[in-house]
Protein chains: 2
Amino acid sequence: MSLKHGILGLLSYCSMTGYDLTKLFNESLKFFWNAQTSQIYRELDALEKKKYVTSEQIIQRDKPNKRVFTITDIGKDELTRWLDEHSINDSMKIRDEMAMRVFFGSKGDLSKLKDELLEYKKAKEMFLIHLEKAEKELNEYEQSSGKEGEKIYWLMSIKRGYISAKGHIQWAEECLELLKERKGKN
Amino acid sequence: MSLKHGILGLLSYCSMTGYDLTKLFNESLKFFWNAQTSQIYRELDALEKKKYVTSEQIIQRDKPNKRVFTITDIGKDELTRWLDEHSINDSMKIRDEMAMRVFFGSKGDLSKLKDELLEYKKAKEMFLIHLEKAEKELNEYEQSSGKEGEKIYWLMSIKRGYISAKGHIQWAEECLELLKERKGKN
DNA sequence: ATATTATATTCTACTTGTAGAATATAATAT
DNA sequence: ATATTATATTCTACAAGTAGAATATAATAT
C-alpha cells in the first residue's frame, strides 16, 4: 500500500541506489514499516515502469556497478497526490497481531503467554532505545544538511513511535498484572 | 499472517457458517484486524483443504442453503501451536501508514495535513466509542454464555485497543499543536 | 592464502490483502 | 405489486508482503 510512496519519499530527498535506499530505509521508515530488501528492489523496478523514477547505471572500478534511481516529476506528483488525496479509512485499517494473540489466550499455555508478554515488553523497550538514538542522530543530521524543513515532520513520526511503544509497554504490564494471580493452564 | 488463526479461533468457540463467522468477526476481531468477506470465505476454503476445518452443507427451506464449518483436532492443534510457538519478531512488525504520511509531510499541503490530523483524531474517537459499546456487550454476553474463561483475554485485547486509540488521539493533538504556528505550504 | 565484510542486485516461490461486483433465495415492509 | 433487508456465497483481478537464497566484485583483516 505505502512502500511505494515511502520509496518515492526517500528519493525525493536525493537520488540513490537501491542499496543506499535500503540502508536509509532501515534507519528511518523501518521504525514503522517493514520491508525485505528484495521488495524494495522489486518496487523500484515497478516505479521505473510507471515512469515515477528513472535509473542510470554507474560503472565502478573499485566496487560492483550500481544503478542510481532518480524521482521524476510524475513521481513527485504521485507522492503529493498520495499525501493530499488520501482517505482516512486507509489510516484506520489496523492489523494488530498481538491483540489477536491475547484475544485467543485461553487456547494457549498461560505461562507461555506470560513469557511472551514479558518478552514483548522488553522488545518494545529496545525499540524505544533505538528510537531515542534515531532522534539524536536526526538532530545532528538536521544541522549539517539543508533539511531543516523536514525536521518537524520527522519529529512527529518519532513522537508517534514513542507514544505507541510506551502504550504497548504499559499494556503489557497491565496484562501481566491481570494474569498474576492465574496459575496453570487457561 | 493471522487471519487464518483468527478464523480458527472463532470456530473454536463454536461451529458456524461463513456468513455468521463474518458477522462475528466484524463484532470482535475487526477492532484489530481488517478482512474482506471474500477473504474470509477464501480462507475457509484454504483451511478445509488443509484439514483444519470441515464443512457440512445444510439445506434450508426458508433461507438460502448454507455451509457450516467446524474446526478439527488438527485445526485446534494448529491454533495452539500458533499461540505457543510464536516468534516475538512477528509481533514487532509494524506497518503504520499514518506515521509514514506525517514523515513526508513536507511534500504535501500543510492545511490538508491539519485537516487530516483532525479527521484522524475524530475517527479514533469514534473507534473508542465503538470499543466501549463492544466492552459492554461483552459483559452481557459473558454472563449469559458459558465463556467466563475467555473474558480476561477479551478484556486484555480491548484494553490494548483503548491504549492505542488514546495514544493516537493524544499524538494527533500534539501534532496539531506543533503545526499551529505554521501557515501556508511546507 | 583465507575468511570476512561491505557493496550491490536479482531471483524464486509463495502467502496474504484489497476492492468490490455478482449471484441467489426468501421474508418483510410499503 | 414493489422495494428493501437479511441471508448466504462466489468470483475476478490485481497489489503487496514474506522469506530467504543466490550471485558478484573488491577491499580489508587474520
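Quick caveat: nothing in here was measured; it's all calculated off a predicted structure.
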Undergrad: Stems involving DNA chain C: give each as a range paired with a range, ordered by first number, where a stem means at least three consecutive Watson-Crick or G-U wobble pairs under 3.5 Å.
TA: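 The stems are C:1-30 with D:1-30.
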Undergrad: Establish, with yes or no, whether the OP1 or OP2 oxygen of dT10(C) is under 4.0 angstrom from a side-chain nitrogen or oxygen of Tyr41(A).
TA: no
Undergrad: Answer yes or no: side-chain N or O of Arg42(B) and base N or O of dT18(C) forming a donor-acceptor pair under 3.5 Å.
TA: yes
Undergrad: I need the CD-P distance between Glu97(B) and dT18(C), as an integer number of Å.
TA: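 Roughly 10 Å, once rounded to whole Å.
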Undergrad: Compile the donor-acceptor pairs under 3.5 Å between side chains in residues 17-27 of chain B and protein atoms, sequence neighbours left out, one pair per line.
TA:
| unit_1 | atom_1 | unit_2 | atom_2 | d |
| --- | --- | --- | --- | --- |
| Thr17(B) | OG1 | Tyr19(B) | N | 3.4 |
| Thr17(B) | OG1 | Asp20(B) | N | 3.0 |
| Thr17(B) | OG1 | Asp20(B) | OD2 | 3.3 |
| Thr22(B) | OG1 | Gly18(B) | O | 2.7 |
| Asn26(B) | OD1 | Lys30(B) | NZ | 3.4 |
| Asn26(B) | ND2 | Thr22(B) | O | 3.2 |

Undergrad: Between Asn26(A) (CG) and dA6(C) (C1'), how many Å, whole number?
TA: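 So the CG-C1' distance, Asn26(A) to dA6(C), works out to 15 Å.
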Undergrad: Could you give the CH2-to-C1' distance, from Trp82(B) to dT15(C), as a whole number of Å?
TA: 16 Å
Undergrad: What's Arg61(A) touching, base or sugar-phosphate or nothing? Going by heavy atoms closer than 4.0 Å.
TA: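 Contact class for Arg61(A): sugar-phosphate only.
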Undergrad: Is Thr22(A) touching bases, backbone alone, or none of the nucleic acid, heavy atoms closer than 4.0 Å?
TA: nothing
Undergrad: Does the separation of the ring centres of Trp154(A) and Tyr13(A) fall below 6.0 angstrom?
TA: yes
Undergrad: Whether the side chain of Ser164(A) engages the backbone of Gly161(A) through a donor-acceptor N/O pair (distance < 3.5 Å, no angle test) should be reported.
TA: no
Undergrad: Whole angstroms only, please: what is the CG-C1' distance between Asn65(B) and dT7(D)?
TA: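 Rounded to whole Å, this separation is 11 Å.
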Undergrad: It should be established whether Lys23(B) places a side-chain nitrogen or oxygen under 4.0 Å from OP1 or OP2 of nucleotide dT7(D).
TA: yes
Undergrad: Quickly work out the Met16(A) CE to dA8(C) P distance and round it to whole Å.
TA: 13 Å
Undergrad: Name the orientation class of the two ring planes belonging to Trp82(B) and His5(B) (parallel below 30°, tilted from 30 to 60°, perpendicular beyond 60°).
TA: parallel
Undergrad: So, OP1 or OP2 of dT9(C): does either fall under 4.0 Å of a side-chain N or O from Tyr19(A)?
TA: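 Checking dT9(C) against Tyr19(A), no side-chain N or O comes under 4.0 Å of OP1 or OP2.
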Undergrad: Could you work out which one of dA27(D), dA16(D), dT25(C) sits closest to the side chain of Lys4(A)?
TA: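 So the side chain of Lys4(A) is nearest to dA16(D).
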Undergrad: Check this one for me: any side-chain N or O of Gln39(A) less than 4.0 Å away from OP1 or OP2 of dG17(D)?
TA: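 Looking at the OP1 and OP2 atoms of dG17(D), one of them is under 4.0 Å from a side-chain N or O of Gln39(A).
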Undergrad: Using a cut-off of strictly less than 4.0 Å, decide whether Lys93(A) has a side-chain nitrogen or oxygen near OP1 or OP2 of dA19(C).
TA: yes
Undergrad: Taking the nucleotide of DNA chain D with the closest heavy atom to each, which residue, Lys66(B) or Lys63(A), is nearer the 5' end?
TA: Lys66(B)
Undergrad: Could you walk me through whether Glu43(A) and Gln39(A) pass side-chain hydrogen bond (donor to acceptor under 3.5 Å, both in side chains), step by step?
TA: CA-CA 6 Å; Glu43(A) 211 57 68; Gln39(A) 203 186 341; 4.9 Å; no
Undergrad: Is the Lys NZ or Arg CZ of Lys166(B) less than 6.0 Å from the centre of Tyr162(B)'s six-membered ring, within 45° of the axis?
TA: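 Yes, Lys166(B) lies over the aromatic ring of Tyr162(B).
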Undergrad: Measure CG/Asp45(A) against C1'/dT10(C) and give the value in whole Å, please.
TA: 9 Å
Undergrad: If you assign Ser38(A) and Pro64(B) each to the DNA chain C nucleotide with the nearest heavy atom, which residue ends up on the more 5' nucleotide?
TA: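 The residue mapped nearer the 5' terminus is Ser38(A).
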Undergrad: Going by heavy atoms in the side chains, are Phe32(A) and Glu97(B) under 4.5 Å from each other?
TA: no
Undergrad: Of all the heavy-atom pairs spanning Ala99(B) and Ser157(A), show the shortest one and how long it is.
TA: O-CB, 3.5 Å
Undergrad: Would you indicate, yes or no, if dG17(D) has its OP1 or OP2 atom less than 4.0 angstrom from a side-chain nitrogen or oxygen of Asn34(A)?
TA: no
Undergrad: For dA8(D), does OP1 or OP2 lie under 4.0 Å from any side-chain N or O of Gln60(B)?
TA: yes
Undergrad: Can you see if the side chain of Thr17(B) gets near the phosphate of dT9(D) - specifically, an N or O under 4.0 Å from OP1 or OP2?
TA: yes
Undergrad: Can you check the Trp33(B) CH2 to dT16(C) P distance for me, whole Å?
TA: 10 Å
Undergrad: Rounding to a whole Å, what distance do you find between Arg67(A):CZ and dT25(D):P?
TA: 18 Å
